[in-house]
Amino acid sequence: MSDPNWQPRIVAFFCNWCTYTAADLAGVSRLKHASNARVIRLMCSGRVDPQFILDALARGADGVLIGGCHLGDCHYGEGNYKTLRRFQMLQRLLRDMGIEDQRVRLEWISASEGERVKTVINDMVEQLRALGPLNLPQRRQDWDREMTPPAGPAGNSELAEQHAEPEAAHA
Amino acid sequence: MKYSYFPGCSLKGLGRAYEESLLPVMKHLGVELVELDDWNCCGATAYMSVDETKAAVLAARNLAIAEKAGPRDLMAPCSACYLVLNKTKHNIADFPEINAAVQRALGNAKLTYSGNVPVRHPLDILVNDVGLDVIKEKVVRPLKGLKVAPYYGCQTVRPYATFDDAWNPTTMDRLLATAGAEVVHFPLKTKCCGGSLTGTVPEAGLRLTYILLKEAVRRGADVIATACPLCQFNLDAYQDQISRRWGPARIATVYFTQLMGLAFGLSPEQLGLKRNFVPMKPLQAEPVTA
Amino acid sequence: MNTNHKNGKVRIGFYVCHCGHNIAGMVDCPAVAQYIAKLPGVVVSRDYKYMCSDPGQELIQQDIREHQLNRVVVASCSPLLHEHTFRNAVTAGGLNPFYFQMVNIREHDSWVHTDREEATAKAKSLAHAAICRVRFHRALETTRVPIHPDVLVVGGGITGIHAALTLGNAGKKVFLVERDPSIGGHMAQFDKTFPTLDCAACILTPKMSAVRSHENITLWSYSEVVKVSGYVGNYTVTVKRKPRYVNEDLCVGCLECIQACIFKEGKFPDEFNVGLSKRKPIYIPFPQAVPPVVVIDPDRCLQVRTGKCKKTCLEACADRKAIDFTQKEELVEIKVGNIIVATGFKLFDAKRIPQYGYGLYPNVVTAIELERLVNSSGPTAGEIVLRDGRPPKSVGMILCVGSRDMKTNRWCSRTCCMHSMKLAQLVREHTEADVTVFYMDIRAPGKGCEEFYDKSLKEGIQFVRGRVAEVTDWALAPEEEGKLVIRVEDTLAGFVRRIPVDMIVLATGMEPQADAQDVRRLFNMSCGTEGWFLEKHPKLAPVSTFTDGVFIAGCCQGPKDIPDSIAQAGAAAAEAMALIDKGHIEQEPNTAYIVEADCSGCKSCIPLCPYTAIAFDEAKQKAQINEALCKGCGTCVASCPSGSIRQNLFEDEEIFSEIEGVLAYV
Amino acid sequence: MMRIERRIKYEGDRVRGFAKEIMSVSGCEQLQSCIQCGTCSGTCPLSIYMDFSPRQVVALVRADFKNEVLRSHTVWLCASCYACTVECPRQIRITDIMYALKQRAIQDGIYPKRFPIAVLAKEFYEMVRRKGRITETLLVMRLFLKTNWGAALGSWRLGLGMIRTGRFGLRPEHIERRAELAAMLATADNGDGKPKERQ
């Protein structure tokens with residue numbers, strides 16, 4: 001927070017049917033809001049793999065926003081219930097890692113709630129600004145240094161390796 | 001049941017009959033009232049006309065004192081006090097700049113306010129906390145045959161009150177019916193009595209009072225019941241002037257708490273009924289006491 | 001980075017669209033193009049005024065040919081708008097359409113931000129993500145799903161009737177499901193219609209009869225849809241048929257049973273006459289009802305309620321044996337390819353505005369009540385009278401009751417101005433009364449409507465511009481004695497007026513149906529914040545919803561008059577026919593698939609699938625996905641512990657690279 | 001002789017920024033969304049005495065006609081019954097706008113001279129500032145002294161009645177911790193918490 005110009009970085013996962021459409025509606029309605037969120041479109045919030053969230057934080061996001069249809073309104077019936085369940089488990093894990101609850105947020109925003117896209121993003125930026133940078137990549141380096149004997153140049157985490165070349169891990 | 005109690009200036013002055021009837025009625029129902037320590041004027045409408053921030057600060061001092069007194073709801077029987085305290089509470093919550101000014105001023109007096117004091121009107125407390133069933137049990141002398149026009153006035157139910165409808169409130173209707181009175185259909189129940197304009201611009205203010213009196217009479221009421229000291233004063237004190245100006249419109253106006261007290265078997269003297277300009281006719285079959 | 005992919009070296013073409021000033025006004029497009037040009041694999045990077053225009057698309061095709069592009073990224077508007085356009089352009093350039101990725105820098109960027117620098121930075125990072133992602137794209141084929149040719153129309157008002165007839169006339173089989181005992185809806189209650197003043201029954205009744213006799217239309221009145229499953233082209237719908245205790249096929253509508261009912265007089269409020277008259281437990285909704293058969297109200301009929309009645313109706317029906325107290329509720333399952341929802345609106349409850357005294361003063365009526373009074377088959381046989389039978393000498397009409405009011409409904413109900421003027425003219429025609437219309441703004445934009453306003457003015461109808469504050473019954477002047485007094489600021493004259501009248505007519509607005517939320521869930525639609533069903537696009541797809549094969553028409557989408565409702569009914573019918581006549585739909589190939597080698601056979605994915613598309617192959621001990629059933633939500637993909645489930649178009653590496661991309665540029 | 005008056009307004013008559021100033025007051029933000037329906041005037045029990053109706057006041061404020069608004073006696077007739085605020089279909093807090101206008105009129109000294117309502121507000125304000133509470137009878141006496149001797153004399157009958165019914169309190173009411181209140185109100189004045197002498 002020492003830098004007043006610091007801008008929190010938010011990676012947002014929006015479902016195609018409700019929240020992505022709501023963000024489009026916010027656009028059509030010219031509802032001005034903070035530019036910090038970068039939206040990745042998925043068909044359903046149920047597609048959000050907890051790994052996506054961890055990966056985003058590990059790569060330097062200060063917060064992650066997941067947007068889906070309201071419970072009971074999922075285009076696919078109940079994908080968002082699955083999201084909710086996973087989200088709750090993930091949040092416990094994140095708490096253990098010392099990552100504040102406000103950094104990973106799950107919001108139900110229906111296709112008609114353009115206004116809510118605006119308020120949620122503005123609100124989240126506000127909260128993240130108060131929390132300050134997460135700076136996980138830097139922190140991870142610090143942790144690694146603590147964990148590994150000082151000499152080894154191979155001290156870089158395996159995890160980081162994996163993420164630098166995603167296709168290597170999955171192909 | 002225990003509440004902090006904010007009497008307000010009027011209940012110590014022109015409207016003392018309100019307090020004189022409210023306290024015994026509440027006691028009779030087992031409701032304990034603790035008068036707020038060193039309360040100050042709520043600011044009423046006049047203060048907001050001069051300085052909005054100071055009006056908020058003034059009212060907030062009372063809220064802060066109430067918060068210090070303990071986790072109790074704050075009862076404000078005067079409708080102006082009720083409105084101003086509620087409005088201040090809302091404004092502090094809704095507008096950061098007002099909150100900032102209030103907190104600065106309170107801090108200067110070593111007071112704090114975190115927004116946790118519900119401000120309640122006696123009508124709300126009687127109907128929703130005490131309950132009509134409990135009240136019914138206490139009625140020993142039902143107000144049989146007494147036709148009452150329930151008059152809430154403007155500020156009791158507008159615009160921050162949530163316990164009743166702003167246009168067609170019914171809490172007082174129900175209380176009076178429980179006390180055995182016959183409640184007259186009185187669609188003017190939330191019309192303005194003229195407020196302080198009866199004194200400052202009588203031409204306008206008193207005409208509003210006149211319409212209320214005239215309609216209450218036309219609809220067959222024996223008495224008007226009110227919940228506001230200023231309404232009671234306006235409806236009670238100016239009937240001579242009004243009759244001279246617009247024609248006869250004579251009817252007594254009393255506090256609803258006075259009527260409840262009568263139904264509980266308390267004496268008219270105990271309830272401050274002798275303070276009326278236009279006296280209320282004795283109840284039928286009233287036992288000779290004094 | 002991986003540049004050598006399956007189809008050789010990745011060669012990306014990037015295009016950023018100015019969209020006139022829409023994007024270029026807030027985003028520095030050339031700067032975005034320059035930034036992207038430096039990324040690995042990018043062969044061409046351009047900015048252009050309108051990418052969706054023919055020359056814009058031509059540009060892509062030319063570059064594909066000249067620069068041997070095998071990936072294309074366009075940064076412009078929302079993919080929900082133009083993804084299709086650009087996929088086609090890519091196909092025309094000779095490339096598989098799924099080698100394309102779109103970046104939304106208009107709705108999500110230039111339109112919602114105010115700082116040019118920030119907006120440009122965001123555009124760069126979003127474009128960067130797409131460049132990262134598109135490397136992993138593979139050639140995919142769309143699958144075709146056949147369309148069931150039958151259509152379900154829900155709601156038998158004028159909209160549903162018109163949609164059903166249009167489809168039926170085109171040779172499509174239609175199921176028309178109506179909740180009430182008769183079709184006809186609100187329009188059947190009207191006396192005349194604006195602005196032509198033609199008789200509502202005269203134009204509606206023939207259409208209602210046509211539905212009844214149409215060979216392609218199955219009419220199920222007194223029925224409700226209770227369950228919908230499946231997807232476009234293949235919906236399975238369960239319809240609940242409520243017992244009317246009268247066999248529709250046997251009843252001939254002679255009404256002798258009604259005569260014979262042990263209730264000698266009507267005793268219960270008649271729904272069709274909005275409570276202005278009474279009906280018996282056995283009744284026909286209105287003379288022209290379709291189907292023209294009686295119905296027994298189970299809550300009122302002695303026999304249904306207690307089983308102890310002389311059943312005089314049965315005797316009257318005699319050997320036609322149409323009355324059948326053994327009828328039970330039935331659930332019927334049908335298969336359709338498309339659904340048109342035309343469930344209409346409900347009228348605002350005037351009691352919610354106590355200031356106007358509806359329910360308190362007997363001579364305060366609603367517009368629909370007056371409509372029934374004017375109608376010659378209504379409760380007063382067409383006489384406009386006060387409750388005491390006298391004709392009114394003066395009538396006040398209050399507009400916008402429950403409309404344009406943030407305390408009740410904020411929208412304009414669109415028809416009340418015209419509806420009230422029509423009623424005003426009818427009152428003038430039927431009585432000697434003076435009519436005053438109290439309005440905020442007269443909205444008469446429809447064809448012939450301004451002329452109708454002019455006619456109203458010329459006929460001597462008074463117009464006072466001001467929203468009525470209150471209706472009271474106390475007099476302050478001699479002429480007010482015994483009257484209802486309207487208090488209003490005449491905003492054009494500039495003072496407050498008190499206007500005494502005999503009768504007050506409230507133009508109550510339109511509201512979404514009370515169960516709109518349930519219906520929306522049933523058909524997997526969205527509602528706007530106001531509760532109206534949400535169209536897919538407010539301009540370009542007004543009768544489509546976000547669920548393919550489900551269309552909306554008429555007032556369930558928002559207030560509208562009869563011509564507009566009919567137009568939407570036709571549009572929805574045409575949309576359904578377009579799908580039916582094509583015979584199949586192309587499905588987005590975003591289905592999930594299993595990499596069998598990785599599957600551990602844990603079965604945790606199986607219960608997750610809402611479409612039961614995942615089965616377990618006992619022999620192989622592996623999960624199996626039926627691609628024809630998969631809708632591509634990706635829920636199973638995210639929850640597979642071994643990572644063996646993958647999703648076309650949304651592969652893990654595609655998403656990871658997108659995350660990397662958006663965070664690459666600050 | 002028929003007196004005529006030019007009723008035209010020129011752009012120079014507007015005080016630019018006035019609408020913005022009023023809208024910046026907490027609770028008055030909605031001003032802009034007025035649709036001039038007249039519900040406020042229709043509901044107002046006192047609009048029948050006003051030179052500009054509440055609706056017109058909103059229109060004047062929105063169009064920056066500051067002088068016209070502050071000179072009007074509309075704001076001084078507002079009895080704070082909040083009917084307009086509750087009824088407005090646009091949820092404009094008209095009563096709060098009236099307060100904001102009264103404050104500005106008092107600040108700028110533009111109000112009808114010897115007009116009792118403005119004097120009442122100021123006397124009330126002063127009494128609370130000094131005593132913390134109001135003694136209504138004393139307040140009314142001061143009001144009469146400052147505005148209209150005749151009215152005071154004419155009300156002798158009412159005064160007698162108040163003495164008879166025991167409602168005429170002449171003992172001035174006050175709070176105990178007057179210094180505390182003074183400090184608080186001073187904070188609201190300067191924002192630094194140091195009491196400032198008022199002249």
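We name chains A, B, ... by the order of the sequence lines, and we start the count at 1 in each one.
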- Query: Is D/Cys81 close to B/Arg158 at the side-chain level, that is, under 4.5 Å between some pair of heavy atoms?
  - Reply: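 Answer yes - side chains close enough.
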- Query: Quick one: does D/Ser80's side chain get under 4.5 Å of B/Gln155's, heavy atoms only?
  - Reply: yes
Once you round to the nearest 0.5 Å, how far does [atom1] of [X] lie from [atom2] of [Y]?
{"X": "B/Leu208", "Y": "D/Leu46", "atom1": "CG", "atom2": "CG", "answer": "5.0 Å"}
{"X": "B/Cys41", "Y": "D/Arg129", "atom1": "SG", "atom2": "CZ", "answer": "14.0 Å"}
{"X": "B/Asp51", "Y": "D/Lys102", "atom1": "CG", "atom2": "NZ", "answer": "14.0 Å"}

- Query: Which one of D/Asp96, D/Thr43, D/Leu101 has the most heavy-atom pairs closer than 4.5 Å to chain B?
  - Reply: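 Answer, by heavy-atom pair count under 4.5 Å with chain B: D/Asp96.
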- With a 4.5 Å cut-off on heavy-atom pairs, point out which of D/Ala100, D/Gly132, D/Cys78 contacts chain B the most.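 Greatest number of close heavy-atom pairs with chain B: D/Gly132.
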Closest non-hydrogen atom pair, [X] against [Y]:
{"X": "D/Ala183", "Y": "B/Asn108", "value": "O-ND2, 3.3 Å"}
{"X": "B/Asn40", "Y": "D/Arg133", "value": "CA-CG, 4.4 Å"}
{"X": "B/Ala109", "Y": "D/Glu180", "value": "CB-CG, 3.4 Å"}
{"X": "B/Val50", "Y": "D/Gln103", "value": "O-CG, 3.4 Å"}
{"X": "D/Ile175", "Y": "B/Trp39", "value": "CG2-O, 2.9 Å"}
{"X": "D/Val86", "Y": "B/Pro159", "value": "CG2-CB, 3.5 Å"}

- Query: Hey, mind stepping through D/Tyr125 and B/Ser49 against side-chain contact (heavy atoms from CB on, under 4.5 Å) and telling me if it holds?
  - Reply: CA-CA 9 Å; D/Tyr125 176 85; B/Ser49 312; over 6 Å; no
- Side chain / backbone / both / neither for D/Gln107 at chain B, heavy atoms under 4.5 Å: neither
- Can you name the residues of residues 18-33 of chain D that have some heavy atom under 4.5 Å away from a heavy atom in chain B?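 If one takes a 4.5 Å heavy-atom cut-off, the residues of residues 18-33 of chain D near chain B are D/Val25, D/Ser26, D/Gly27, D/Glu29.
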- Show your reasoning for whether salt bridge (Lys or Arg N to Asp or Glu O under 4.0 Å) applies to D/Arg177 and B/Asp37. CA-CA 10 Å; D/Arg177 302 194 293 274; B/Asp37 163 54; 3.1 Å; yes
- Message: Run the side chain to side chain contact (heavy atoms under 4.5 Å, CB included) test against D/Arg6 and tell me which residues pass, sequence neighbours left out.
- Response: D/Tyr10
